[in-house]
**Student:** 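Here it is, the structure, as structure tokens.
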Amino acid sequence: AAAVERLLDRVNIEYETFTLDNGLRVVVHEDRKAPVVAVSIWYNVGSKDEPKGRTGFAHLFEHIMFNGSENAPGDYFEPLREIGATDFNGTTWFDRTNYFQTVPRPALETALFLESDRMGHLLGAVTQEKLTNQIGVVQNEKRQGDNQPYGLVEYAQLEALFPEGHPYRHSTIGSMADLDAASMEDIRNWFRSKYGPNNAVLVLAGDISAAEARPLVEKYFGDIPRGPENVPAAAGVPTLPAPKTEVMKDRVANVRLYRNWVVPGLLDPEMIPLDVGATVLGGLSSSRLDNILVRQEQTAVRVSASLLPFHRLSLFEDQVDVKPGVDPDAVARRLDQII
């Protein structure tokens with residue numbers, strides 16, 4: 001058995017960084033085990049940056065940016081398939097929007113061209129028809145999520161935990177009314193203010209070195225002008241004056257108990273012990289909640305504990321699915337004792 005310190009010394013993911021004149025930061029991790037490169041670009045824009053009446057815009061724009069750009073018209077998924085890309089998609093959350101694909105080394109330039117074209121040459125390809133179509137797609141995604149078991153819980157959690165006006169109070173998926181109200185001018189202004197190269201980080205990991213990457217990145221991204229700097233919304237960790245308890249009804253197989261706290265974010269040293277604590281409490285099959293509630297006392301059929309880390313704050317959550325026939329109130333009291 002090795003000491004933890006010795007194990008940590010063996011963890012060393014080497015990388016190099018450089019920054020273009022337009023502010024695009026580039027991180028390169030060289031790994032020659034396979035002739036592929038993982039290409040990932042992260043934009044410093046998420047749902048917490050959305051003003052009132054514009055909820056869902058960051059996620060909507062993630063969809064729009066897959067719908068073709070000025071020099072790459074059409075759906076972005078098709079050219080990625082043609083070059084043999086794997087694991088390609090995009091995601092949006094409170095703090096960020098990211099796009100990613102893993103491509104064979106000879107296809108790297110194509111991937112960089114596609115990513116740079118939607119960063120620097122997108123708006124000429126956005127039409128009202130595309131906007132209307134993607135609003136419908138996002139709204140359907142929202143319906144699918146809302147109609148899943150426990151699908152409405154997140155809305156209630158965020159509204160209970162955060163005060164009115166807090167940037168993290170609304171969900172990333174947004175509201176139907178705000179999505180319906182999105183206009184072409186709204187979309188143009190949102191893009192111009194958020195998606196400049198100085199508001200993004202490009203990561204290349206795989207069969208490439210920083211020396212090889214720099215001329216390629218300069219070639220495809222170097223002419224894109226800087227945009228406004230997106231300063232992340234100020235968002236403190238709120239404290240409730242008293243614990244809140246809410247009850248929701250749904251057609252589900254089990255009563256589910258939730259415990260939620262707003263805790264410090266990625267930049268705070270308290271985040272790491274909270275993350276480790278969540279794993280000890282309910283993040284492994286050998287965790288405290290599993291051993292006590294599921295195996296020993298057999299009052300629950302599923303448990304979990306996790307920390308969701310974000311820029312300004314994090315969300316700490318425990319879940320317990322109560323075994324049918326067992327008193328949920330008794331399990332809730334036991335859960336609180338264990339915590």
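All heavy atoms count here, side chains included; hydrogens, waters and symmetry mates do not.
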**Student:** Of the non-hydrogen atoms in Ile173 and Leu179, which two are nearest, and what is the gap between them?
**Tutor:** O-CD1, 3.9 Å
**Student:** Between Leu204 and Ala213, which heavy-atom pair has the shortest distance, and what is it?
**Tutor:** CD1-CB, 3.8 Å
**Student:** With a cut-off of 6.0 Å (strictly less than), are more than 12 heavy atoms of other residues, nucleotides or ligands near CD of Glu129?
**Tutor:** no
**Student:** Test the Arg81-Phe88 pair against the cation-pi criterion, namely NZ or CZ under 6.0 angstrom from the six-membered ring centroid and within 45° of the ring axis.
**Tutor:** no
**Student:** Could you tell me if the side chain of Asn260 sits less than 4.5 Å from the side chain of Leu315, heavy atoms only?
**Tutor:** no
**Student:** Is a donor from one side chain sitting under 3.5 angstrom from an acceptor on the other, for Thr102 and Asp87?
**Tutor:** no
**Student:** For the residue pair Glu30 and Glu14, establish whether any side-chain heavy-atom pair is separated by less than 4.5 Å.
**Tutor:** no
**Student:** So does Tyr15 have more than 12 non-hydrogen atoms from other groups sitting under 6.0 Å from OH?
**Tutor:** no
**Student:** Using a 4.5 Å cut-off on heavy atoms from C-beta on, say whether the side chain of Lys323 contacts that of Val331.
**Tutor:** no
**Student:** Between CZ of Arg188 and OG of Ser193, what distance do you get to the nearest 0.5 Å?
**Tutor:** 14.0 Å
**Student:** When you check the side-chain N and O atoms of Thr91 and Trp93, is any donor under 3.5 Å from an acceptor?
**Tutor:** no
**Student:** Could you check whether any side-chain heavy atom of Lys48 comes within less than 4.5 Å of a side-chain heavy atom of Asp95, counting everything from C-beta outward?
**Tutor:** yes
**Student:** Once you measure the plane-to-plane angle for His63 and His59, does it fall in the parallel (<30°), tilted (30-60°) or perpendicular (>60°) bin?
**Tutor:** perpendicular
**Student:** Hey, what do you get for OG (Ser40) to CD (Glu115), rounding to the nearest 0.5 Å?
**Tutor:** 8.0 Å
**Student:** Is any NZ, NE, NH1 or NH2 atom of the basic residue among Arg302 and Asp321 found under 4.0 Å from an Asp or Glu carboxylate oxygen of the other?
**Tutor:** yes
**Student:** Would you indicate whether the side-chain heavy atoms of Thr97 and Tyr195 approach each other to under 4.5 Å?
**Tutor:** yes
**Student:** Have Glu62 and Thr92 got a donor and an acceptor in their side chains that come within less than 3.5 Å?
**Tutor:** yes
**Student:** Any sub-3.5 Å donor-acceptor pair from Asp318's side-chain atoms to Gly282's backbone N or O?
**Tutor:** no
**Student:** Do the side chains of Phe77 and Leu60 join up, straight or via other hydrophobic residues, at under 4.5 Å, putting them in one cluster?
**Tutor:** yes
**Student:** CG of Leu8: more than 12 outside heavy atoms within 6.0 angstrom?
**Tutor:** yes
**Student:** Measuring from Leu123:CG to Phe191:CZ, what's the distance to the nearest 0.5 Å?
**Tutor:** 5.0 Å
**Student:** What closest approach, in Å, do Ala107 and Ile83 show between heavy atoms, and which atom pair accounts for it?
**Tutor:** CB-CB, 3.7 Å
**Student:** Might you work through the side-chain contact (heavy atoms from CB on, under 4.5 Å) test for Tyr220 and Glu109, ending with a clear yes or no?
**Tutor:** CA-CA 8 Å; Tyr220 289 101; Glu109 285 204 53; 2.5 Å; yes
**Student:** Any chance you could measure Asp207, atom CG, to Leu108, atom CG, to the nearest 0.5 Å?
**Tutor:** 9.5 Å
**Student:** Using side-chain heavy atoms (C-beta onward) and a distance below 4.5 Å, is Phe162 in contact with His170?
**Tutor:** no
**Student:** Please check if Leu266 and Phe310 belong to a single hydrophobic cluster, counting links between Ile, Leu, Val, Met, Phe, Trp and Tyr side chain heavy atoms closer than 4.5 Å.
**Tutor:** no
**Student:** If I take atom CG from residue Asn199 and atom CG from residue Asn44, how far apart are they, to the nearest 0.5 angstrom?
**Tutor:** 4.5 Å
**Student:** Please determine whether side-chain contact (heavy atoms from CB on, under 4.5 Å) holds for the pair Val203 and Phe100, giving the CA-CA distance in whole Å, both sets of side-chain angles, and the decisive distance to 0.1 Å.
**Tutor:** CA-CA 9 Å; Val203 181; Phe100 52 89; over 6 Å; no
**Student:** Would you find more than 12 non-hydrogen atoms of other residues, nucleotides or ligands less than 6.0 Å from Arg32 atom CZ?
**Tutor:** yes
**Student:** Without swapping roles, check the side chain of Glu78 against the backbone of Asp75 for a donor-acceptor pair under 3.5 Å.
**Tutor:** no
**Student:** Taking only residues at least two apart or on different chains, which pairs with a member in residues 281-299 satisfy side chain to side chain donor-acceptor pair (under 3.5 Å)?
**Tutor:** Ser287-Asp290, Asn291-Arg295, Glu297-Arg334
**Student:** Please determine whether the number of non-hydrogen atoms from other residues, nucleotides or ligands lying under 6.0 Å from atom CG of Asp21 exceeds 12.
**Tutor:** no
**Student:** With a cut-off of 6.0 Å (strictly less than), are more than 12 heavy atoms of other residues, nucleotides or ligands near CZ of Arg259?
**Tutor:** yes
**Student:** Is there a chain of hydrophobic side chains (I, L, V, M, F, W, Y, each step under 4.5 Å between heavy atoms) that links Ile339 to Val320?
**Tutor:** yes
**Student:** Which heavy atom of Gln157 sits nearest to which heavy atom of Tyr258, and what is that distance?
**Tutor:** NE2-CD2, 3.3 Å
**Student:** Would you check if Leu240 and Val262 make a side-chain contact, meaning some heavy-atom pair closer than 4.5 Å?
**Tutor:** no
**Student:** Between the main-chain N or O of Ile64 and the side-chain N or O of Gln134, is there a donor-acceptor pair closer than 3.5 Å?
**Tutor:** no
**Student:** Just how far is it from atom CD1 of Ile338 to atom CG of Leu281, taken to the nearest 0.5 Å?
**Tutor:** 8.0 Å
**Student:** Should the pair Asp49-Lys194 be classified as a salt bridge under the 4.0 Å nitrogen-to-oxygen rule?
**Tutor:** no
**Student:** Main chain of Asn198, side chain of Glu229: is a donor-acceptor contact present, judged purely on distance under 3.5 Å?
**Tutor:** no
**Student:** Under the side-chain contact (heavy atoms from CB on, under 4.5 Å) criterion, do Leu202 and Leu112 qualify, and how do the steps go?
**Tutor:** CA-CA 10 Å; Leu202 172 66; Leu112 293 176; 4.2 Å; yes
**Student:** As a test of understanding, state which of Ile41, Val39, Val37 forms a side chain to side chain contact (heavy atoms under 4.5 Å, CB included) with Gln101.
**Tutor:** Val39
**Student:** Can you name the side-chain contact (heavy atoms from CB on, under 4.5 Å) partners of Val263, sequence neighbours left out?
**Tutor:** Trp261, Leu274, Leu307, Ser314, Phe316
**Student:** Would you confirm whether Lys142, through its side chain, and Met176, through its main-chain N or O, come within 3.5 Å as a donor-acceptor pair?
**Tutor:** no
**Student:** Is the backbone of Gly236 close enough, under 3.5 Å, to the side chain of Arg312 for a donor and an acceptor to pair up by distance?
**Tutor:** no
**Student:** When you group the ILVMFWY residues by side-chain heavy-atom contacts below 4.5 Å and let the links chain together, are Val137 and Ile135 in the same group?
**Tutor:** no
**Student:** Given 3.5 Å as the limit, does a donor-acceptor pair link the side chain of Asn147 with the main chain of Arg143, or not?
**Tutor:** yes
**Student:** Looking at Tyr168 and Ala235, what are the two nearest heavy atoms and their distance?
**Tutor:** CE1-CB, 3.6 Å
**Student:** When clusters are formed by joining ILVMFWY residues with side-chain heavy atoms under 4.5 Å apart, either directly or through shared neighbours, do Leu161 and Tyr155 land in the same one?
**Tutor:** no
**Student:** Regarding Asn230 and Tyr43, is there a side-chain donor-to-acceptor distance under 3.5 Å anywhere?
**Tutor:** no
**Student:** Under the side-chain contact (heavy atoms from CB on, under 4.5 Å) rule, what do Thr17 and Val27 come out as? Steps first, then yes or no, please.
**Tutor:** CA-CA 5 Å; Thr17 66; Val27 179; 3.9 Å; yes
**Student:** Which atoms form the tightest heavy-atom contact between Tyr99 and Phe61, and what is the distance?
**Tutor:** OH-O, 3.7 Å
**Student:** Does any part of the side chain of Met65, heavy atoms only, come nearer than 4.5 Å to the side chain of Met119, both counted from C-beta?
**Tutor:** no
